[in-house]
Amino acid sequence: MSWARPIERALRMDQRSWERHANPWSAWTRVPILPLGVLALLGREWIGLWCLLPLALLAAWTWWNPRAFAPPRSTRSWASRAVMGERVWLRQGAVPIPAHHRWWANFLSLLPAPFLLPLAWGIVTLDWTLALAGTALTLGAKMWFLDRMVWLFDDMARSHPEYAGWLR
């Protein structure tokens with residue numbers, strides 16, 4: 001989990017950006033960032049250094065996305081609860097989470113790592129099959145992590161009034 005805090009700081013996630021990021025549009029429009037980045041890198045064979053333009057746009061979108069949408073009227077959707085669960089997980093130093101959630105969240109946060117190897121090798125060698133398989137496995141692991149974050153949030157909201165207050 002130690003890697004998550006620096007990312008949160010780099011993205012300048014504050015109370016307001018977390019509220020806006022809980023909008024399902026924010027959560028779902030982040031999903032294609034990795035596949036589009038992989039596509040841009042694989043496309044370097046045809047577009048050369050122009051592949052850096054979509055990568056720069058994707059980097060900008062990654063930063064701006066949590067601020068791009070208004071806070072949702074309801075935070076009861078799966079996507080909203082996944083984002084709020086990530087926030088709970090990141091705050092576990094201040095508000096401890098149950099051990100069974102901590103273990104699974106830490107495991108699932110690291111699960112995509114081995115899939116990045118075939119993804120990266122596929123990009124380097126322009127092996128579309130390997131790159132796309134690595135992308136699919138990485139995204140699948142991320143979605144499993146997000147599903148676990150929903151479970152974490154639901155459990156924590158039942159026992160912590162502050163988290164229950166995030167629901168509307």
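Just so it is clear, the structure is predicted and the values come from calculations on it, not from any experiment. Throughout, numbering of the chain's residues begins at 1 and tracks the sequence.
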Q: Rounded to the nearest 0.5 Å, what's the gap from CG on Asp14 to NE2 on His21? Could you check?
A: 12.5 Å

Q. In terms of hydrophobic clustering (I, L, V, M, F, W, Y; side-chain heavy atoms under 4.5 Å; direct or indirect links), are Met84 and Trp28 co-clustered?
A. yes

Q | Heavy-atom pair of closest approach, residues Gly37 and Leu58 | A | N-CD1, 3.3 Å

Q: Indicate yes or no: at least one non-hydrogen side-chain atom of Trp61 is less than 4.5 angstrom from one of Thr29.
A: yes

Q. Within a strict 4.5 Å, meaning less than it, do heavy atoms of the Leu119 and Leu34 side chains meet?
A. yes

Q: Group every Ile, Leu, Val, Met, Phe, Trp and Tyr by side-chain heavy-atom contacts under 4.5 Å, then state whether Val124 and Trp46 land in the same group.
A: no

(Q) Is the shortest side-chain heavy-atom distance between Val95 and Met156 below 4.5 Å? (A) yes

Q: Working to the nearest 0.5 Å, report the span between CG of Leu126 and CD of Glu45.
A: 5.0 Å

Q.
What's the separation between atom CE in Met13 and atom CH2 in Trp63, rounded to the nearest 0.5 Å?
A. 10.5 Å

Q) Heavy-atom distance under 4.5 Å between the side chains of Phe153 and Thr75, does that happen here? A) no

Q: Please name the pair of heavy atoms, one in Val38 and one in Ala131, separated by the smallest distance, quoted to 0.1 Å.
A: CG1-CB, 4.2 Å

Q: Could you check Asn106 against Ser109 for side-chain hydrogen bond (donor to acceptor under 3.5 Å, both in side chains), going step by step and ending with a plain yes or no?
A: CA-CA 5 Å; Asn106 290 337; Ser109 73; 4.8 Å; no

Q) Does Arg16 offer a backbone N or O that forms a donor-acceptor pair with the side chain of Arg67 under 3.5 Å? A) no

Q.
For residues Trp121 and Leu117: do they belong to one hydrophobic cluster (side chain heavy atoms under 4.5 Å, members Ile, Leu, Val, Met, Phe, Trp, Tyr)?
A. no

Q.
Strictly distance-based, threshold 3.5 Å: is any side-chain N or O of Ser26 a donor or acceptor partner for the main-chain N or O of Ala22?
A. no

(Q) Ignoring hydrogens, what is the shortest heavy-atom contact between Pro66 and Thr62? Give both atom names and the distance. (A) CD-O, 3.5 Å

Q | Ring geometry between Trp104 and Phe107 (parallel below 30°, tilted from 30 to 60°, perpendicular above 60°) | A | perpendicular

Q: Verify the cluster assignment for Leu39 and Ile47: are they in a single hydrophobic cluster under the rule of side-chain heavy atoms below 4.5 Å apart?
A: yes

Q) Does the side chain of Leu139 come within less than 4.5 Å of Pro35's, by heavy atoms? A) yes

Q) Would you say the side chain of Ser74 lies within less than 4.5 Å of the side chain of Ser80, judging by non-hydrogen atoms? A) no

Q) Is Leu42 reachable from Leu130 through a run of hydrophobic residues whose side-chain heavy atoms are each under 4.5 Å from the next? A) no

Q.
As an exercise, state the distance from CD1 of Ile123 to CH2 of Trp128, rounded to the nearest 0.5 Å.
A. 10.0 Å

**Q.** Nearest non-hydrogen partners of Ala157 and Leu167, listed with the distance
**A.** CB-CD1, 4.3 Å

Q.
To the nearest 0.5 Å, what is the distance between CG on Leu41 and CG on Leu36?
A. 11.0 Å

**Q.** Pairwise distance CD(Gln92) to CD1(Ile97) - rounded to 0.5 angstrom
**A.** 4.0 Å

Which atom pairs, donor and acceptor, lie under 3.5 Å between side-chain atoms of residues 142-151 and protein residues at least two apart or in another chain?
unit_1	atom_1	unit_2	atom_2	d
Lys142	NZ	Glu86	OE2	3.2
Asp147	OD1	Trp78	NE1	3.0
Arg148	NH2	His100	O	3.2
Trp151	NE1	Asp155	OD2	3.2

Q. What closest approach, in Å, do Cys51 and Pro54 show between heavy atoms, and which atom pair accounts for it?
A. O-CD, 3.2 Å

